[in-house]
Protein chains: 2
Amino acid sequence: MREEIVKEYISLIPNVFGSFSELNKDSMELSHMQNHVIEYMYMQNRALNLKDISIGLNVAKQQLTNIIKDLETGGYLIKVPDAKDKRAILVSLSPKGKEVQDNKWIKIYQKFSEGLDKLSMEEQLDLRYALHKVNILLEKMGP
Amino acid sequence: MREEIVKEYISLIPNVFGSFSELNKDSMELSHMQNHVIEYMYMQNRALNLKDISIGLNVAKQQLTNIIKDLETGGYLIKVPDAKDKRAILVSLSPKGKEVQDNKWIKIYQKFSEGLDKLSMEEQLDLRYALHKVNILLEKMGP
DNA sequence: GCAAGTAGTAAATATTATATTACTACTTTT
DNA sequence: AAAAGTAGTAATATAATATTTACTACTTGC
């Protein structure tokens with residue numbers, strides 16, 4: 001029994017990963033690490049200081065100095081001194097930085113939407129319900 | 001309606017990605033590209049020549065020369081001359097190379113299995129069925 | 001208030017990744 | 001059998017990423 005649930009889950013991973021691996025295909029402007037930072041900031045959706053990002057991405061803070069300086073120069077990030085800690089600097093995504101991530105999700109949306117057209121109305125309902133169920137249960141399993 | 005299916009799918013991605021991003025956490029021995037090659041070989045599950053890998057991973061064959069030489073030196077890959085094409089060399093995973101990938105999946109298995117313990121028997125059955133349904137329908141949607 | 005600790009920066013260095021060109025040995029086409 | 005094409009290797013240059021040490025300005029704990 002357990003074996004079979006795991007097997008289904010393992011099958012799911014490549015299916016979903018197909019979408020995800022295409023996320024960074026096009027964004028040629030930015031390097032791997034720069035993308036990584038923007039992704040992380042987008043997910044956190046709040047102003048972070050370098051230390052936060054360093055820990056969150058498991059990257060040395062020394063590396064971030066230049067990466068973030070370049071992203072700021074490019075207009076993707078905004079740096080503001082932290083009022084509460086005068087050593088620190090709060091970094092947040094600019095509208096341009098957010099747009100980079102938004103566009104990635106729009107692509108996933110479009111691709112998924114095309115796939116949906118191949119399903120009947122009944123299958124679409126089934127998929128919706130099954131996805132909902134999976135999400136609820138995976139959520140419950142998480143830490 | 002469509003909006004809501006997409007929304008569920010978008011929610012699914014981070015759930016699953018949690019597992020996937022941990023795949024390469026520990027394998028410190030190997031570089032990013034070396035891991036990439038081993039992953040690809042593991043997925044293909046057959047002997048490949050450099051050209052195959054080059055196309056499959058969208059990497060210049062010139063890059064592969066050294067990557068694969070190092071992997072062979074490390075005992076992860078085995079190189080055998082192709083009998084049918086004397087220019088080519090067939091590369092396959094050694095037991096050690098397969099083990100690297102196996103261990104990654106074992107970790108996912110274990111983590112998922114721990115999560116399962118938090119669910120009731122009924123929920124586990126629901127999850128199995130819902131996952132199965134999702135997999136079948138996503139498969140149908142793919143190219 | 002002072003010692004110890006922290007956030008960020010800077011610069012030097014090492015390692016990886018990517019790209020370009022050219023070459024050998026073999027295969028395919030005609 | 002000659003011409004054109006292909007698989008792999010080699011050497012090189014540049015960019016991206018990672019690591020180390022050291023410094024300034026500030027905060028925290030005592």
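Chain naming here is simple, since letters A, B, ... match the order of the sequence lines and numbering starts at 1 in each.
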Worksheet item: From the 5' end of DNA chain D to its 3' end, which nucleotides mark the outer limits of contact with chain B, defined by a 4.0 Å heavy-atom distance cut-off (strictly under)?
Response: D:dG5 to D:dA10

Worksheet entry | Heavy-atom check, side chain of B:Leu50 versus side chain of B:Val91, under 4.5 Å | yes

Discussion item. Is any side-chain heavy atom of A:Ile68 closer than 4.5 Å to one of A:Ile53?
Written reply: yes

Item to complete: For residues A:Ile38 and A:Gly97, report the shortest heavy-atom separation together with the two atoms involved.
Response: CG2-O, 3.8 Å

Discussion item. If you assign A:Ala83 and B:Asn66 each to the DNA chain D nucleotide with the nearest heavy atom, which residue ends up on the more 5' nucleotide?
Written reply: B:Asn66

Discussion item. Both A:Lys69 and A:Asp85 contact DNA chain C. Taking the nearest nucleotide for each, which residue is further toward the 5' end?
Written reply: A:Asp85

Item to complete: Would you mind reading off the distance between B:Gln62 atom CD and C:dT21 atom C1', rounded to a whole angstrom?
Response: 9 Å

Practice prompt. Please round to 10 degrees the angle between the axis of the first five pairs and the axis of the last five pairs in the helix from C:dG1-D:dC30 to C:dT30-D:dA1.
Written response: 40°

Worksheet item: Who are the ring pair (Phe, Tyr, Trp, His ring centres under 6.0 Å) partners of B:His36, not counting sequence neighbours?
Response: B:His32

Discussion item. Donor-acceptor check, side chain of A:Lys51 to backbone of A:Ala88, threshold 3.5 angstrom: yes or no?
Written reply: no

Discussion item. How close do B:Lys133 and A:Ala130 get, counting heavy atoms only, and between which atoms?
Written reply: CB-CB, 3.8 Å

Item to complete: Give the minimum heavy-atom separation between B:Arg2 and A:Leu116, together with the two atoms involved.
Response: NH2-CB, 3.9 Å

Practice prompt. With heavy atoms under 4.0 Å as the rule, sort B:Lys86 into base, sugar-phosphate or nothing.
Written response: sugar-phosphate

Worksheet item: Does the side chain of A:Phe112 reach to within under 4.5 Å of the side chain of B:Leu138, using non-hydrogen atoms?
Response: yes

Worksheet item: Ion pair present between B:Glu4 and A:Arg128, side-chain N to carboxylate O less than 4.0 angstrom?
Response: yes

Fill in: Partners meeting salt bridge (charged side-chain N to carboxylate O under 4.0 Å, His left out) with A:Glu99 (sequence neighbours left out)
none

Practice prompt. Describe the nucleic acid contact of B:Ala60 in one word from base, sugar-phosphate, nothing, applying a heavy-atom distance below 4.0 Å.
Written response: nothing

Response to the item:
Nucleotide by nucleotide, nucleotides 13-18 of chain C touches protein heavy atoms under 4.0 Å in the pattern (B base, S sugar-phosphate only, - none) ----SB

Practice prompt. Please work out which residues in residues 41-53 of chain B have a non-hydrogen atom less than 4.0 Å from an atom of DNA chain C and list them by number.
Written response: none

Worksheet entry | B:Gln110-B:Lys107 side chain donor-acceptor pair, cut-off 3.5 Å | no

Item to complete: Determine whether B:Ile89 and B:Asn49 make a side-chain contact, defined as any pair of heavy atoms from C-beta on separated by less than 4.5 Å.
Response: no

Discussion item. Does this structure show an ion pair linking B:Asp85 with B:Arg87, if we count only N-O contacts that are shorter than 4.0 Å?
Written reply: yes

